[in-house]
Amino acid sequence: MCSFSEEIGKYKWNDINESIHSKTPNDVINALNNPKRGLEDFKALISPSASAFLGCMAELSRELTLKRFGKTIQLYIPLYLSNYCENQCVYCGFNSKNKIKRTVLSMEQILDEVKILKSYGYEHILLVTGESSKKAGLNYFKEVLRIIRNDFSQISMEIQPMNRSDYEELIPLGLNSIYVYQETYNRNNYNKYHLNGKKQDFEYRLHTPERLGFAGIHRIGLGILIGLEDWRTDSFFTALHLNFLKRKFWRTKFSVSFPRLRPHTGLFAPNVVMSDRELVQLICAYRLLDENLELSISVREKQSFRNNIMKLGVTSMSAGSKTNPGGYNSEEDSLAQFEVHDDRTPAEIAAMIKSNGYEAVWKDWDRCVQI
């Protein structure tokens, strides 16, 4: 099978944009009635024409989610290890040009953070860093995994893309999942947002999920940064990428996240503003495309939105998150990557989930069952 770089080369951004916007109400109806939906159906479901069918989409999405996942919401929490970054991304507070306090947590500081997270009840943790291999690279990650692997049943990472051999060293140490976001699949505009650093390499980032698949990772997370480019077109390319990876790495699990641009240190404002209604439409469209796909929503979103979307397709959400290194320790004042919109505690989120008739899942994975 070819690489995804070859696959995506068969499609033109403007042609896909026009195709999505040309979808009619009849195309949406056909997509809703198709039991084996494909990418053309996905185009219809994310098109402007589908807005009038949102109630039906939400109902189907809820049914499919209940069928596959039941009334459960998995809870996870990020642990930011470092805000050093070698990239100059115009939308991110960790931008290397920003004059902020930088820090890399020591092993002792990490263990202090872990104690707090464990007191909340967490078994699933997401390790996050800025992209700086000099300050937080392979050897640092190996040391971190060694000291925390016995504290968590599932460890995920959102870090700089690495080589296949690097991932192959981390997986035996307890790494379960990697989340790597292309940010935008618009190759022509990609470097408008990534002005310097390794992240400028569109191709290397694009191939990261394939390197992960070959390394044997359990789960790969995909996504775009909503607000950079037309969300409909970018979401089609995400779905294209997802379908490609599912065919190539059929044993691997996949998830999609939906980060919308939030305020940060810097002046960049979203080029495209996505409404709450449009985000619901996109989440439902993904569920109708793939009933097994894990869909995640973060504390970027406001409380009322998260309270309602959990019934319509989302399977996991963060709670009590801090987006700066050492953020769970009140003595640390390093800069956060973005502002949190839902600042409820993990206990409050769990209570909200229970009040809606769902179960908050703190643990749904154990390394002893890994094949």
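Treat the numbers as computed from the prediction; the structure is a model and nothing was measured. What's counted below: heavy atoms across the whole structure, side chains too, no hydrogens, waters or symmetry copies.
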| query | So with a 6.0 Å cut-off around CZ of R251, is the heavy-atom count from everything else above 12? | reply |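 No.
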| More than 12 foreign heavy atoms under 6.0 Å from NZ of K23: is that the case here? |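 Yes, enclosed.
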Set of residues satisfying salt bridge (Lys or Arg N to Asp or Glu O under 4.0 Å) with respect to [X], sequence neighbours excluded:
X: K67; value: E291
X: R187; value: E203
X: D276; value: R260, K302
X: R68; value: none

With side chains defined as the heavy atoms from C-beta onward, is the minimum distance between [X] and [Y] less than 4.5 Å?
X: L105; Y: Y140; result: yes
X: I178; Y: I217; result: yes
X: M317; Y: L75; result: yes
X: L79; Y: I110; result: yes

Is the backbone of [Y] close enough, under 3.5 Å, to the side chain of [X] for a donor and an acceptor to pair up by distance?
X: N83; Y: K101; result: yes
X: Y167; Y: M162; result: yes
X: D27; Y: T24; result: yes
X: E18; Y: D15; result: no

| Pairs involving residues 33-65, ordered by first then second residue, that meet ring pair (Phe, Tyr, Trp, His ring centres under 6.0 Å) (sequence neighbours left out) |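 Residue pairs with at least one partner in residues 33-65: F42-Y286.
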In terms of side-chain heavy atoms, does [X] have a donor or acceptor partner in [Y] at a distance below 3.5 Å?
X: N95; Y: Q88; result: no
X: N271; Y: Y193; result: yes
X: Q74; Y: H124; result: yes
X: R287; Y: N292; result: no
X: E229; Y: N189; result: yes
X: N34; Y: D41; result: yes
X: R211; Y: T208; result: yes
X: N17; Y: T233; result: yes

In chain order, what residues pass the ring-ring contact (aromatic ring centres under 6.0 Å, His included) check against [X], with sequence neighbours excluded?
X: Y84; answer: none
X: F305; answer: none
X: Y76; answer: none
X: Y204; answer: none

| Under the salt bridge (charged side-chain N to carboxylate O under 4.0 Å, His left out) rule, what pairs show up with a residue in residues 114-123, not counting sequence neighbours? |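 Qualifying pairs, neighbours excluded: K118-E123.
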| message | Quick one, Y91 with H194, criterion ring pair (Phe, Tyr, Trp, His ring centres under 6.0 Å). Give me CA distance, side-chain angles, the key distance, then yes/no. | response | CA-CA 9 Å; Y91 50 77; H194 308 102; 5.5 Å; yes
| Does the cation-pi check pass for K246 over F254, that is, NZ or CZ under 6.0 Å from the six-membered ring centre and within 45° of its axis? |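 That pair does not qualify as a cation-pi contact.
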Do the charged groups of [X] and [Y] touch, with an N to O distance under 4.0 Å?
X: E294; Y: R219; result: yes
X: D230; Y: R232; result: no
X: E210; Y: K248; result: yes
X: E86; Y: K198; result: no

| query | Looking at the rings of Y185 and H241, which for Trp means the six-membered one, are their centres under 6.0 Å apart? | reply |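 Yes; H241 has its ring centre under 6.0 Å from that of Y185.
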| said: Taking the ring centre of each residue, are F237 and W13 less than 6.0 Å apart? | reply: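 Yes; W13 has its ring centre under 6.0 Å from that of F237.
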| For V361, the rest of its hydrophobic cluster, which grows through side-chain links under 4.5 angstrom |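 Result for V361 is none, singleton.
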| message | Please determine whether salt bridge (Lys or Arg N to Asp or Glu O under 4.0 Å) holds for the pair R205 and E131, giving the CA-CA distance in whole Å, both sets of side-chain angles, and the decisive distance to 0.1 Å. | response | CA-CA 12 Å; R205 195 169 192 89; E131 298 190 7; 3.1 Å; yes
| With the 4.5 Å side-chain cut-off for hydrophobic clustering, are L293 and L45 part of the same group? |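 Different clusters.
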| query | When rounded to the nearest 0.5 angstrom, what distance separates CG in L245 from CG in L240? | reply |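 Between L245 CG and L240 CG, I get 9.5 Å after rounding to 0.5 Å.
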| Rounded distance [0.5 Å steps], CG in D342 versus CE in M352 |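 Those atoms lie 7.0 Å apart.
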| Sequence neighbours excluded, every pair satisfying side chain to side chain donor-acceptor pair (under 3.5 Å) that has a member inside residues 50-61 |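 Non-adjacent pairs meeting side chain to side chain donor-acceptor pair (under 3.5 Å): S51-R277.
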